[in-house]
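Input: a single structure, listed below in structure tokens.
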Amino acid sequence: MLIIDSPSHNAFFNIASEEYLLTKFPTEDIFLLYINAPSIIVGKFQNTLAEINLDYVNENNIKVVRRMSGGGTVYHDLGNLNFSFHTLLGGYDFMDFSQFTSPVLQLLKDWNVPAKLEGRNDLLVDGKKFSGNAKLARSGKMIQHGTILFDSEMSVLSDALKVNPLKFLDKATKSNRSRVINLIDYLPEGTTIEVLKQKLIDEILKGSDNGQIYNFTDEDIQAIEKLVKEKYETWDWNFGFSPNYNFKKAIKIPAGFIEIHLDVEKGIIKKAKIFGDFFASKPIEELEDLLIDEKHDIENLNQILSKTNITDYFGKVTVDEILELFK
């Protein structure tokens, strides 16, 4: 088994590295560890905008990246350790999460922490979740990856994932917000996330006959960064890949009450309808037509509305006020 400690805190890089390793080592067992700077990791089949607090995410420069596996949306920061097992498909029951969470439970048992696997894929202590896990099968391999909340900023986690459920109507699976807890209060005084990481590496080495440390080469890093540019930091992957959804929002501003309804397919607005008690000197249908086939993306919509005399449609308003409709 190859044991890899990622040198990067960039979520785009670390999520891309999981895909890269499938092709780099098609038959090797791999154990990958990484710590991300503040970021939100979205399950492959989720509607990104319905999972995140977009205003908060943008204001705090939190990266948003879609992963290859299903499951729910999670928040990562420098107080969160992430682990990823890669093995040949067929060697283990795909729906059994116990095999690759047992090293985590064992090292915590050594610290007298009463952690256990509960439900399908969560690790809990005192009834509160500190680790969520997900799986995927691809290219003849299985990947199981999970999080370990060590000393994460819980208030940021809560605010970043706080979404108004009334905005979206879709069939995408929504994340189940469990009660979560940091492990730091259960561990010996002075334990750092680096100590936890090394303990986990030691646990893997102890249980592996042929475990060895592997460091990314310059060639590996260049290939991963290429994958980041082409896929993992793109709007098309992180937002456009989302399932189809209907979006609606209403605002009350000095110019009046305004409500918008959008039908969105793969991140692209296909239908738009605007209602309200505002006064327009031009048909509102003209503005609705301008939105068709545009990305449901605030930066893109800002460019469109900034080139349009929106006072013709709403009276005395600003672009920023109208942009609030789309968030």
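All values below come from the heavy atoms of this structure, side chains included, with hydrogens, waters and symmetry mates left out. Only a predicted model underlies this, so the values are computations on that prediction, with no experimental measurement involved.
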**Message:** Within the 4.5 Å heavy-atom criterion, are I251 and K249 side-chain neighbours or not?
**Reply:** yes

**Item:** Side chains of F13 and N36 in contact at under 4.5 Å (non-hydrogen atoms)
**Value:** no

**Request:** Would you check, one step at a time, whether the test salt bridge (Lys or Arg N to Asp or Glu O under 4.0 Å) holds for K226 with E230?
**Result:** CA-CA 6 Å; K226 182 174 184 290; E230 293 178 350; 2.6 Å; yes

**Message:** Just checking K252: does its NZ atom have more than 12 heavy atoms from other residues, nucleotides or ligands closer to it than 6.0 angstrom?
**Reply:** yes

**Message:** Quick check on K197: does its NZ atom have over 12 non-hydrogen neighbours (other residues, nucleotides or ligands) under 6.0 Å away?
**Reply:** yes

**Item:** N210, CG: over 12 other non-hydrogen atoms inside 6.0 angstrom
**Value:** yes

**Prompt:** Do L183 and L149 come close enough that some side-chain heavy atom pair is under 4.5 Å?
**Reply:** no

**Worked check of side chain to side chain donor-acceptor pair (under 3.5 Å) between S8 and N10** = CA-CA 5 Å; S8 176; N10 185 327; 5.2 Å; no

**Item:** Test: D55 and K327 ion pair at under 4.0 Å
**Value:** yes

**Request:** Please work out which of the three classes, parallel, tilted or perpendicular, describes the rings of H296 and Y245, given edges at 30° and 60°.
**Result:** tilted

**Request:** Please examine the side chains of D122 and N133, heavy atoms only from C-beta on, and report whether any two atoms are closer than 4.5 Å.
**Result:** no

**Message:** Does atom NZ (K266) have a neighbourhood of more than 12 heavy atoms from anything else shown, all under 6.0 Å?
**Reply:** yes

**Request:** Tell me, please, whether F241 has K44 positioned over its six-membered ring: NZ or CZ under 6.0 Å from the ring centre and within 45 degrees of its axis?
**Result:** no

**Neighbour count above 12 (heavy atom, 6.0 Å) for E294 CD** = yes

**Message:** Please give me the minimum heavy-atom distance between I35 and H9, naming the atom from each residue.
**Reply:** O-ND1, 2.8 Å

**Prompt:** So which pairs with a foot in residues 69-91 pass ring pair (Phe, Tyr, Trp, His ring centres under 6.0 Å), sequence neighbours left out?
**Reply:** F31-F85, F85-F100

**Asked** Do F12 and Y232 make the cut of ring centroids closer than 6.0 angstrom?
**Response** no

**Message:** Could you check whether F278 and Y313 have their ring centres less than 6.0 Å apart?
**Reply:** no

**Asked** Can you check whether P243 reaches Q46 side chain to side chain, under 4.5 Å on heavy atoms?
**Response** no

